[in-house]
Chemist: 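Here it is, the structure in full.
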Amino acid sequence: MTERLSSLFLRTLRDDPAEAEVASHRLLLRAGFIRRVGSGLYSWLPLGLRVRRNVERVIREEMNAAGAQEVLFPGLLPREPYEVTGRWTEYGSDIFRLQDRRDADHLLAPTHEEVFTLMVKDLYSSYKDLPLTIYQIQDKYRDETRPRAGLLRAREFTMKDAYSFDFDDEGLERSYQLQRDAYERIFKRLGLEYVIVSADAGAMGGSKSEEFMHPTAVGEDTVVMNDSGYAANVEAFATLVPDAIPTDGLAQPVVHDTPDTPTIATLVDVANAQFPREDGRAWSAADTLKNVVLALTHPDGSRELVVVAVPGDRDVDDKRVEVAFAPAVAEPASEADFAANPGLVKGYIGPWSASGPVLGDESRTGIRFLADPRVVDGTQWITGANESGRHVSGLVAGRDFTADGTVEAATVREGDPAPDGSGPVQLIRTMEVGHVFQLGRKYAEALGLSVLDQNGKRATVTMGSYGIGVTRNLAAIVEASHDEKGIIWPAEIAPFDVHVVATGKDEAVFAVAEEVVAELDASRLEVLFDDRRKVSPGVKFKDAEIVGVPWILVIGRGALEGEFELWNRATGEKQPIRREDVLQKFAK
RNA sequence: CGGGGCGUAGCUCAGUUUGGUAGAGCACCCGUUUUGGGGGCGGGAAGUCGCAGGUUCGAAUCCUGUCGCCCCGACCA
């Protein structure tokens, strides 16, 4: 196959479009792969479409090899299936909703669990039909609050989603593993670096969930990992719990007047000035206990206040809180909440007071009190004394106060110990490029998908869900593989195998190039041929470099003597090549 | 949703403060020259100045409203 630059629907841009910030967005626009139509909506030009099809091809090959079968569902769906699973409402304003001429509600599918499940329900009814894994490559729609970074977070994006259907848990585990293995092969072929992290499964009600995360500065997720193989999403990070300390012989708590210390920093200053440590070391924020009041809204609509205690040198991490309290929604307590609970003295909250416990089941307020796992028995803290302008020091966990439980709410920091004992962790920015998920029976139950077992009894099917963002992966590859000159496509998904550039004005040179291109084409190579006349060599070279085909074959000077030049786009290496060696060089 | 910025030719932008005939570079078309790194010269086509209303003799420019886009944050199966 040969495409000629003289007729290709392509216009490269010399200047960076003002709308593009990140490299992939900028380069895909400039090199003429995509164009923006609306916020988070992109059109695909011939070059972009070719790469996209190649990404899809890799995914298809691995899906098929893993025994999955391809299907295709509509992107436009009626409301009913989503009503049954509760997602019509749960999804809120993140989905595009529309009405047909009879005012019937529809949506543009953000994901397809429901219709896959219903399709299997329609057709299958016996355990003998299982296992089954089916997939599609489909456009998904999400009304993102803020689309950004071009293809990395778009409102219309292409995704491969697969679903497995099994009779029992062992079957699900096997199907899951097959998909997981296929994902590893896909990312290796795409040349995309990844780490697999355990993810929180709460939101979708499943059991086991792992995310394929691609390390990149433009990522929106934080992964906690170390060189010894530990890796987890920051939401799923578990604190390594220190050993308890004997409380025997520890001094009794002391209450101090600490006016004007509403923040941890001011408290530490006052503590060092007024009641220095006996061992001479200075108090630090880590010696204080910060008590944060959160308001939870439970799925039944009820509202509950909880107090979360974290060491004062850490903050409460919103994402970790969200997971810790799901399905309840947590938000900072409002002024009204404080007004309704006079027992909570803002800025001076603590579990203890001179006149008895303030927080917890048996306390004055009865408010649930959850502590960071580091607050083990025997640790001593400076914290609020529940009186305005007063704090207490030497407050011993397990002796002077007891939490109602622990909560993973504190921020994770570089250097924190991994829960598996493998040592200190690092925090890296990543982007989710794939997700494998054991859904279990949630959707099958909600939608009534069951099969008859060997005894003729109904049994609910168990499901897995497996997603890869096709267009996001394409953009991630550009992020990971470009230089100041342009894109550098990995051979597996490059729009063409070789980019032949004919230079000069000598028609004899073009005639040679035509012959070589025809030979390459005949050996089933995909060739991009810059056959433009009256375009200067510099322009052609710049275009070749920004477009990013792995090999650039320059036919110009010396062409009539059979001497060409072969450029390696990735390394920048340029070597002479004899005409008679060209075919062999590219032989597949 | 909060904060910031921006809408003028396909792209990048000037002009707006101080109202007075719509501009530049690149890209595009024609001619010419050049041919190994976005070349030179000459000519040309191309814009409802986001949209609506208002003020004014006159609005890209001032006023009001509105729509859209980008960035940071919140949010994100």
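No experiment lies behind these values; they were computed from the predicted model shown. In what follows, chains are A, B, ... by sequence order, proteins preceding strands, each numbered from 1. Computed from heavy atoms alone, side chains included, the values below leave out hydrogens, waters and symmetry copies.
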Chemist: Among B:rG37, B:rC70, B:rC28, which nucleotide has an atom closest to any side-chain atom of A:Glu545?
Modeler: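 Selected nucleotide (nearest to the side chain): B:rG37.
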Chemist: Whole-Å distance between B:rA27 C1' and A:Arg14 CZ?
Modeler: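 Taking CZ of A:Arg14 and C1' of B:rA27, I get 8 Å after rounding.
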Chemist: Can you work out whether A:Arg35 or A:Gly38 has the more 5'-proximal nearest nucleotide on RNA chain B?
Modeler: A:Arg35
Chemist: Under 3.5 Å for both donor-acceptor distances, Watson-Crick or wobble: does B:rG2 have a partner, and if so which one?
Modeler: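 Base partner found: B:rC72.
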Chemist: Tell me if the side-chain of A:Lys574 makes a donor-acceptor pair with the base of B:rG37, cut-off 3.5 Å, by modelled atom types.
Modeler: yes
Chemist: From the set B:rG39, B:rC76, B:rC11, return the single nucleotide nearest to any side-chain atom of A:Asp94.
Modeler: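 So the side chain of A:Asp94 is nearest to B:rC76.
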Chemist: Less than 6.0 angstrom from the centroid, inside 45 degrees of the normal: does A:Arg155 satisfy that with respect to the ring of A:Tyr141?
Modeler: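 Here A:Arg155 fails the 6.0 Å and 45° test against A:Tyr141.
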Chemist: With C1' as the reference atom in both, quote the distance from B:rA74 to B:rG4 in angstrom, rounded to an integer.
Modeler: 15 Å
Chemist: Less than 3.5 Å between a donor and an acceptor, one on the side chain of A:Thr145 and one on the base of B:rA74, is that the case here?
Modeler: yes
Chemist: Remember a base hit wins even if backbone is also touched, and classify A:Phe510 as base, sugar-phosphate or nothing at under 4.0 Å, heavy atoms.
Modeler: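 Touches nothing.
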Chemist: Nearest 0.5 angstrom please: A:Asp221 CG to A:Thr216 OG1, how far?
Modeler: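 Separation between the atoms: 11.5 Å.
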Chemist: Enumerate the protein-to-nucleotides 2-9 of chain B contacts in which both atoms are nitrogen or oxygen and the separation is below 3.5 Å.
Modeler:
none

Chemist: Tell me which nucleotide, if any, is Watson-Crick or G-U wobble paired with B:rC28 when both distances must be under 3.5 Å.
Modeler: B:rG44
Chemist: Taking only the P atom of each, what is the distance from B:rG54 to B:rA59 in whole angstrom?
Modeler: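 Their P atoms lie roughly 12 Å apart.
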Chemist: With a 3.5 angstrom cut-off on both distances, give the Watson-Crick or G-U wobble partner of B:rU66, or none if there isn't one.
Modeler: B:rG50
Chemist: Counting only side-chain heavy atoms from C-beta out, which of B:rG36, B:rC70, B:rC26 sits nearest to A:Glu565?
Modeler: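 The answer is B:rG36.
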Chemist: Scan A:Lys485 against the nucleic acid and name what it touches under 4.0 Å (heavy atoms): base, sugar-phosphate only, or nothing.
Modeler: nothing
Chemist: For a salt bridge (Lys or Arg N to Asp or Glu O under 4.0 Å) with A:Arg579, tell me which candidate from A:Glu561, A:Glu519, A:Glu563 qualifies.
Modeler: A:Glu519
Chemist: With respect to the side chain of A:Val554, which nucleotide from B:rG38, B:rC76, B:rG36 is positioned closest?
Modeler: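 Of B:rG38, B:rC76, B:rG36, B:rG36 is nearest to the side chain of A:Val554.
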Chemist: Expressed as a whole number of Å, how far does the C1' atom of B:rU66 sit from that of B:rA9?
Modeler: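 After rounding to an integer number of Å, I get 25 Å for this pair.
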Chemist: Give me the distance, rounded to whole Å, that separates B:rU12 from B:rU17 when you measure between the C1' atoms they each carry.
Modeler: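 Straight-line distance between the two C1' atoms is 24 Å.
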Chemist: For atom C1', what is the distance between B:rG39 and B:rU56, given to the nearest Å?
Modeler: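 After rounding to an integer number of Å, I get 49 Å for this pair.
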Chemist: Rounding to a whole Å, what distance do you find between A:Leu10:CG and B:rG10:P?
Modeler: 18 Å
Chemist: Looking at A:Tyr42 versus A:His25, is the centre-to-centre ring distance below 6.0 Å?
Modeler: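 Here the rings of A:His25 and A:Tyr42 have centres that are less than 6.0 Å from each other.
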Chemist: Do the ring centers of A:Phe496 and A:Trp551 come within less than 6.0 Å of each other?
Modeler: no
Chemist: Within the 4.0 Å heavy-atom criterion, would you say A:Ala559 contacts the bases, only the backbone, or no part of the nucleic acid?
Modeler: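 No contact.
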Chemist: Taking CG from A:Leu29 and P from B:rU12, how many angstroms apart are they, rounded to a whole number?
Modeler: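 Distance, rounded to whole Å: 9 Å.
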Chemist: Distance between the P atoms of B:rC11 and B:rG47, in whole angstroms?
Modeler: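 Approximately 14 Å lies between the P atom of B:rC11 and that of B:rG47.
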Chemist: Just N and O in the side chain of A:Ser39: are any of them under 4.0 Å from OP1 or OP2 of B:rC70?
Modeler: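 Yes, A:Ser39 has a side-chain N/O under 4.0 Å of OP1/OP2 on B:rC70.
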Chemist: Near A:Gln69 CD, under 6.0 Å, is it more than 12 heavy atoms from other residues, nucleotides or ligands?
Modeler: no
Chemist: Measuring to OP1 and OP2 of B:rG73, would you say a side-chain N or O of A:Arg148 lies under 4.0 angstrom away?
Modeler: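 Indeed, a polar side-chain atom of A:Arg148 lies that close.
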Chemist: Working to the nearest 0.5 angstrom, can you tell me the gap between A:Ile477 CD1 and A:Arg472 CZ?
Modeler: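 If we round to the nearest 0.5 Å, A:Ile477:CD1 and A:Arg472:CZ are 13.5 Å apart.
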Chemist: Using atom C1' in both nucleotides, what's the gap between B:rA14 and B:rC6 to the nearest angstrom?
Modeler: 15 Å
Chemist: In whole Å, what is the span from the CD1 atom of A:Ile555 to the P atom of B:rU35?
Modeler: 21 Å
Chemist: Across the strands shown, which category fits A:Asp506 at heavy-atom distances under 4.0 angstrom: base, sugar-phosphate, nothing?
Modeler: nothing
Chemist: Under a 4.5 Å cut-off applied to non-hydrogen side-chain atoms, are A:Glu62 and A:Asp181 in contact?
Modeler: no
Chemist: Between B:rA27 atom C1' and A:Arg11 atom CZ, what is the distance in whole Å?
Modeler: 7 Å
Chemist: Decide, yes or no, whether a salt bridge links A:Arg14 with A:Asp543 under the criterion of side-chain N to carboxylate O below 4.0 Å.
Modeler: no
Chemist: Please give, in whole Å, the distance from B:rC76 C1' to A:Asp221 CG?
Modeler: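 So the two atoms are 9 Å apart, to the nearest Å.
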Chemist: Do the side chains of A:Val436 and A:Tyr176 get nearer than 4.5 Å, heavy atoms only?
Modeler: yes
Chemist: What pair of heavy atoms forms the shortest contact from A:Val509 to A:Ile555, and how long is it?
Modeler: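 Nearest heavy atoms, A:Val509 then A:Ile555: CG1-O, 3.6 Å.
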Chemist: List in numerical order all residues of residues 529-541 of chain A for which some heavy atom is under 4.0 Å away from an atom belonging to RNA chain B.
Modeler: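 Within this stretch, A:Pro537, A:Gly538, A:Val539, A:Phe541 sit under 4.0 Å of the strand.
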Chemist: A:Phe9 CZ to B:rG10 P: how many Å, rounded?
Modeler: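 So the CZ-P distance, A:Phe9 to B:rG10, works out to 14 Å.
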Chemist: What's the CE-P distance between A:Met431 and B:rC76, to the nearest Å?
Modeler: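 Interatomic distance, CE of A:Met431 to P of B:rC76: 18 Å.
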Chemist: Considering only atom P, compute the distance from B:rC13 to B:rG7 and round it to an integer number of Å.
Modeler: 9 Å
Chemist: Taking atom CD of A:Glu211 and atom CD of A:Glu432, what is their separation to the nearest 0.5 Å?
Modeler: 4.5 Å
